[in-house]
Amino acid sequence: MSSLLLAKILSTVIAVLGLSTVAERAGPTVAGILAGVPLGMAIILFFIGIQQGPEFVALSAPYALGGLAATLCLNLAYWRVSSLVSRFRFPAAVVGALAGFLSAAWLMSMIELDVWSGLALVVVGAAFSVFALRGVQATEIGTRIRMTWVVIALRAGLAVAVVLAVTEAAALIGPQWSGLLAGFPVTLFPVLIIVHLNYSAEDTYSILKSFPFGIPSLVIFVICAQYSFVAFGVVPGFLFSMVVSLLWQVGFFAVKRRRSAGLRTG
């Protein structure tokens, strides 16, 4: 196994297992917000930059924003399908979510996106998601499931498969579809599957409701990556984009904590 392939697998596994652990320890609401940390997307764009060059990433970036809008479609489809059906609820939700993402990505592949049009799609999708899920009640996960090799493999397997597929096929599918597929929620989607299977569909709704509040971090990373990968090089550009994008998460949780403290004292 090459060192590059091993690096892809290890970085993806660590990201997915870390986020799913947070979902269990800190609750689905926090996990949904942290799903906006650009882990899966950053991994894909980083390795695409290493293999195809920074200019390829710059061309992919507008469509990566389109991929984020498609992820919001995936989230809404997961929630809507699982809330409507009673039989085969889990498989129906998974199939519906994947269909939602692929349909949205296919439509976006037919138009020419730039950073501003891609950003507009994300803003509209996030606003609609917040409105649609406004009635969802926050939940807390109780007893944690026992970690087994089966659980670990399920948590990480899908994410690893997507990262490897997109990064290895980038030269064949081009920057447009590489960007769109980079937007696939390689850390969020496996967490939804695990939480749904081991807890309940309602716990996944808490994650989905919180996700739009973390998505600005992903948007910031993509926009920074488009320019910094070319200007500074892949590794420095990656580090710069990660640091800038994480400022949103730090600021969001700081404001959230201050607001909670104010409510308690008031």
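One is the number of the first residue; the rest follow in order along the sequence.
Judged by distance alone, with hydrogens and angles left aside, the side-chain atoms of T204 form no donor-acceptor pair with the main-chain N or O of L192 at under 3.5 Å. For the pair S210 (side chain) and I207 (backbone), a donor-acceptor distance under 3.5 Å is absent. When atom types are taken as modelled, the side chain of S241 and the backbone of A225 share a donor-acceptor pair closer than 3.5 angstrom.
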Go through the steps to decide whether V219 and V222 satisfy the test side chain to side chain contact (heavy atoms under 4.5 Å, CB included), and finish with yes or no.
-> CA-CA 5 Å; V219 172; V222 173; 5.9 Å; no
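Remark: I48 CD1 to E168 CD distance equals 10.0 Å, nearest 0.5 Å. To the nearest 0.5 Å, atom OG of residue S245 and atom CG of residue L247 are 8.0 Å apart. Here the CG atom belonging to D114 is positioned 10.0 Å from the CG atom belonging to L119, to the nearest 0.5 angstrom. Taken to the nearest 0.5 Å, the CG atom of L121 stands 14.0 Å off from the CH2 atom of W116.
Residues S217 and L246 share a closest heavy-atom pair of OG-N, 4.2 Å. When every heavy atom of F101 is checked against every heavy atom of L180, the shortest pair comes out as CZ-O, 3.5 Å. Nearest heavy atom pair, residue G237 against residue F232, reads N-CB, 4.0 Å. Nearest heavy-atom pair, V234 versus P54, reported as atom, atom and distance to 0.1 Å: CG2-CD, 4.1 Å. Taking all atoms of both residues into account, the shortest heavy-atom contact from M41 to G183 is CE-CA, 3.5 Å. Scanning both residues, F189 and F184, for their nearest heavy atoms gives CD2-CZ, 3.8 Å.
Clustering ILVMFWY residues whenever any of their side-chain heavy atoms sit less than 4.5 angstrom apart, transitively, puts F229 in the very cluster that holds L239. Both Y227 and V122 are assigned to one and the same hydrophobic cluster, defined by single-linkage of ILVMFWY side chains at heavy-atom distances under 4.5 Å. In terms of hydrophobic clustering, with Ile, Leu, Val, Met, Phe, Trp and Tyr side chains grouped at heavy-atom distances under 4.5 Å, V235 and V163 are assigned to a common cluster. Hydrophobic clustering of Ile, Leu, Val, Met, Phe, Trp and Tyr side chains at less than 4.5 Å, counting indirect connections, unites F238 with I223. V85 and L208 end up in different hydrophobic clusters when Ile, Leu, Val, Met, Phe, Trp and Tyr side chains are linked at under 4.5 Å.
You'll find the side chain of T71 stays beyond 4.5 Å of the side chain of L218, heavy atoms only. Between P185 and F211, every side-chain heavy-atom pair lies at or beyond the 4.5 Å cut-off. Looking at L181 and I173, their side chains come closer than 4.5 Å, going by heavy atoms from C-beta outward. A 4.5 Å side-chain heavy-atom check between V115 and L65 finds at least one atom pair inside the cut-off. Contact annotation: the side chain of L164 never approaches that of F47 to less than 4.5 Å [non-hydrogen atoms, C-beta and beyond]. Taking the side chain as every heavy atom from C-beta outward, L172 and W177 never approach each other to under 4.5 Å.
In summary, of the residues considered (I50, I44, I43, L45), a side-chain contact (heavy atoms from CB on, under 4.5 Å) with T167 occurs for I44 alone.
Electrostatic pairing of R89 and E202 counts as a salt bridge here, judged by a charged N lying under 4.0 Å from a carboxylate O.
Remark: V244 pairs with I220, C224, F240 by the side chain to side chain contact (heavy atoms under 4.5 Å, CB included) rule, at least two apart or across chains. Annotation: side-chain hydrogen bond (donor to acceptor under 3.5 Å, both in side chains) contacts of S178 (sequence neighbours excluded): none.
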Please output the side-chain donor-acceptor pairs of residues 128-136 that fall under 3.5 Å, not counting sequence neighbours, one pair per line with the distance.
{"from": "S129", "atom 1": "OG", "to": "G125", "atom 2": "O", "distance (Å)": "2.9"}
{"from": "R134", "atom 1": "NH1", "to": "F131", "atom 2": "O", "distance (Å)": "2.6"}

Compile the donor-acceptor pairs under 3.5 Å between side chains in residues 102-113 and protein atoms, sequence neighbours left out, one pair per line.
{"from": "S103", "atom 1": "OG", "to": "A99", "atom 2": "O", "distance (Å)": "2.7"}
{"from": "S109", "atom 1": "OG", "to": "W106", "atom 2": "O", "distance (Å)": "2.6"}

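D203 and S200 share a side-chain donor-acceptor pair at under 3.5 Å.
Applying the side-chain hydrogen bond (donor to acceptor under 3.5 Å, both in side chains) test to residues at least two apart or on different chains, none of the pairs has a partner in residues 52-61. For residues 231-240, no residue pair satisfies the side-chain hydrogen bond (donor to acceptor under 3.5 Å, both in side chains) rule, not counting sequence neighbours.
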